[in-house]
There are 2 protein chains.
Amino acid sequence: MMTIPDTRPYARALDRLKAVGLRPTRQRLALAKLLFDGADRHVSAEQLHAEAVAAEMRVSLATVYNTLHQFTAVGLLREVVVESGRAYFDTNTTNHHHFYHAEDGKLVDIDHSRLSVAALPEPPAGTAIDRVDVIIRVRGHQS
Amino acid sequence: MMTIPDTRPYARALDRLKAVGLRPTRQRLALAKLLFDGADRHVSAEQLHAEAVAAEMRVSLATVYNTLHQFTAVGLLREVVVESGRAYFDTNTTNHHHFYHAEDGKLVDIDHSRLSVAALPEPPAGTAIDRVDVIIRVRGHQS
DNA sequence: GTGTTTGCAAAGTGTTTGCAATTTA
DNA sequence: TAAATTGCAAACACTTTGCAAACAC
């Protein structure tokens with residue numbers, strides 16, 4: 001089955017923004033396009049900003065931060081914490097987990113169906129489970 | 001069964017340092033005492049520094065950072081990443097997991113035996129699993 | 001027009017580093 | 001005395017904020 005290429009380059013990004021009720025500003029459209037047109041991805045603010053600059057989209061780093069947080073707040077992105085000192089955002093907002101390769105800062109999704117966390121213990125008194133994150137830290141093999 | 005109180009307040013800390021081959025300086029002894037004399041705990045550098053200052057132990061924040069990393073390097077501590085922007089260190093170095101309560105920054109251990117991660121998927125080509133971290137994020141109930 | 005969003009530069013947070021002075025073995 | 005360790009202050013990396021100008025509706 002083939003996909004017909006979209007002739008209006010920002011159409012998809014526009015739809016996404018409309019769907020969540022965020023004003024489709026030039027900057028938000030540009031970032032949404034980078035993030036959502038294509039396969040799922042994991043980005044840091046600096047990375048995304050660099051890409052936007054490389055693609056001649058004029059966006060400030062402050063706006064990239066704001067936008068990533070707004071997108072996260074409305075459920076378009078999910079924040080992944082793997083390293084203190086750098087925030088990653090994941091375009092895959094379904095229930096899933098991650099491999100993390102610290103040496104090169106790369107994340108790889110693990111579908112929820114491929115890993116099961118059995119028998120969750122009772123949370124501390126007065127609290128309820130919000131979400132379960134599994135991070136499998138990996139390293140380059142040595143044989 | 002009762003424990004006889006230790007009359008030499010730094011004896012345990014001293015033994016720990018000797019065991020891993022770190023010079024027992026005044027600062028390291030003080031921090032080891034705060035960390036290891038008592039139940040397992042989770043601390044950030046700022047927290048530990050504040051405690052040391054409160055206990056009249058003269059230690060600079062830079063030394064607290066250095067010491068936490070040295071202790072981690074020799075296996076006396078384990079770093080727990082739950083929040084970008086703040087590093088936590090855990091005195092429990094056994095294989096276990098965590099509840100994390102973001103609102104008050106508190107961690108609670110989950111013994112390895114109380115939670116099982118079944119059927120780990122194959123790591124990406126060229127990598128091997130280093131360690132598996134499960135973080136269960138919790139929030140104060142609303143009924 | 002009115003309220004929202006942006007970009008800049010400044011401020012903030014947590015952490016690391018260079019190096020002279022101090023301490024340990 | 002030689003080598004390791006400390007503390008300070010400066011530097012750092014990443015992130016957030018205040019506010020005037022620009023933009024969307």
Side-chain angles (χ1 to χ4, degrees), chain A residues 10 13-34 42-53 56-74 76-77 79-89 102 105 107, chain B residues 10 13-34 42-53 56-74 76-77 79-89 102 105 107:
Chain A
Y10 290 89
L14 182 60
D15 292 344
R16 291 247 183 188
L17 293 179
K18 277 186 175 161
V20 297
L22 284 176
R23 281 195 185 179
T25 63
R26 179 175 55 75
Q27 292 84 340
R28 295 212 268 233
L29 282 167
L31 297 175
K33 186 172 160 56
L34 290 175
H42 304 95
V43 294
S44 70
E46 298 269 6
Q47 265 168 39
L48 187 60
H49 181 244
E51 276 183 40
V53 168
E56 318 256 55
M57 297 160 163
R58 228 168 294 94
V59 189
S60 73
L61 182 57
T63 296
V64 173
Y65 274 104
N66 290 336
T67 303
L68 287 172
H69 286 136
Q70 289 157 353
F71 283 9
T72 302
V74 298
L76 250 29
L77 293 175
E79 194 177 341
V80 187
V81 180
V82 279
E83 203 180 290
S84 64
R86 173 176 266 92
Y88 286 90
F89 295 86
L107 280 160
Chain B
Y10 289 90
L14 182 61
D15 292 344
R16 291 247 182 187
L17 293 180
K18 277 186 175 161
V20 296
L22 284 176
R23 283 193 182 180
T25 63
R26 179 174 56 75
Q27 292 84 339
R28 296 214 269 234
L29 283 167
L31 297 175
K33 185 173 162 54
L34 290 175
H42 304 95
V43 295
S44 70
E46 298 270 8
Q47 264 168 40
L48 186 60
H49 182 244
E51 275 182 41
V53 168
E56 318 257 53
M57 297 161 163
R58 227 167 295 93
V59 190
S60 74
L61 183 56
T63 296
V64 172
Y65 274 104
N66 289 336
T67 303
L68 287 172
H69 287 136
Q70 290 157 352
F71 283 9
T72 302
V74 298
L76 250 29
L77 292 175
E79 194 178 340
V80 187
V81 179
V82 281
E83 202 180 293
S84 64
R86 173 176 265 91
Y88 286 90
F89 295 85
L107 281 160

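A note on names: the letters A, B, ... follow the listed sequences, proteins ahead of strands, and every chain is numbered from 1. Everything quoted here is computed from the prediction, not taken from an experiment.
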inquiry  = From the set D:dG7, D:dT17, D:dC14, return the single nucleotide nearest to any side-chain atom of B:Ser60.
reply    = D:dG7
query = Tell me: CD of A:Glu79 to P of D:dC14, nearest whole Å?
reply = 15 Å
ask   = What's the verdict on side chain to side chain contact (heavy atoms under 4.5 Å, CB included) for A:Thr67 and A:Gln70, showing C-alpha distance, side-chain angles and the deciding distance?
value = CA-CA 5 Å; A:Thr67 303; A:Gln70 289 157 353; 4.2 Å; yes
message = Return whichever of A:Arg28 or B:Ala45 has its heavy-atom-nearest nucleotide of DNA chain C closer to the 5' end.
response = A:Arg28
query = Between B:Val81 and B:Tyr88, is a side chain to side chain contact (heavy atoms under 4.5 Å, CB included) present by the stated rule, with each step listed?
reply = CA-CA 7 Å; B:Val81 179; B:Tyr88 286 90; over 6 Å; no
task = Verify, without hydrogens or angle tests, whether B:His49 (side chain) and B:Val59 (backbone) share a donor-acceptor contact under 3.5 angstrom.
result = yes
task = For the residue pair B:Arg58 and B:Gln27, confirm or rule out a side-chain donor-acceptor distance under 3.5 Å.
result = no
query = For the side chain of A:His69 and the backbone of A:Tyr65, is there at least one donor-acceptor N/O pair under 3.5 Å apart?
reply = yes
Bend angle of the helix from C:dG12-D:dC14 to C:dA25-D:dT1, end axes from five pairs each (to 10°) = 20°
inquiry  = Donor-acceptor pair, distance only, cut-off 3.5 Å: does the side chain of B:Arg28 make one with the backbone of B:Leu17?
reply    = no
ask   = Within this structure, what is the CG-to-C1' distance between A:Leu17 and C:dT4, rounded to whole angstrom?
value = 14 Å
request  = Find the distance A:Gln70:CD to C:dT6:C1' and express it as a whole number of Å.
outcome  = 10 Å
query = To the nearest angstrom, how far is A:Arg58 atom CZ from C:dG7 atom P?
reply = 9 Å
request  = Under the side chain to side chain contact (heavy atoms under 4.5 Å, CB included) rule, what do A:Leu34 and A:Met57 come out as? Steps first, then yes or no, please.
outcome  = CA-CA 10 Å; A:Leu34 290 175; A:Met57 297 160 163; 3.9 Å; yes
query = Just how far, in rounded Å, is P of D:dG7 from CG of B:Leu31?
reply = 9 Å
inquiry  = I need the CG-C1' distance between A:Leu29 and D:dA24, as an integer number of Å.
reply    = 12 Å
key: Check against side chain to side chain contact (heavy atoms under 4.5 Å, CB included), A:Phe89 and A:His42   = CA-CA 5 Å; A:Phe89 295 86; A:His42 304 95; over 6 Å; no
note = Between CG of B:Leu68 and C1' of C:dT15 the distance, given in whole Å, is 12 Å
note = A:Asn66 CG to D:dG18 C1', in whole Å, measures 12 Å
Residue-phosphate contact under 4.0 Å: B:His69 side-chain N/O, C:dT16 OP1/OP2 = yes
N/O-N/O pairs, protein side and nucleotides 22-25 of chain C side, under 3.5 Å:
unit_1	atom_1	unit_2	atom_2	d
C:dT24	O2	B:Arg23	NH1	3.2

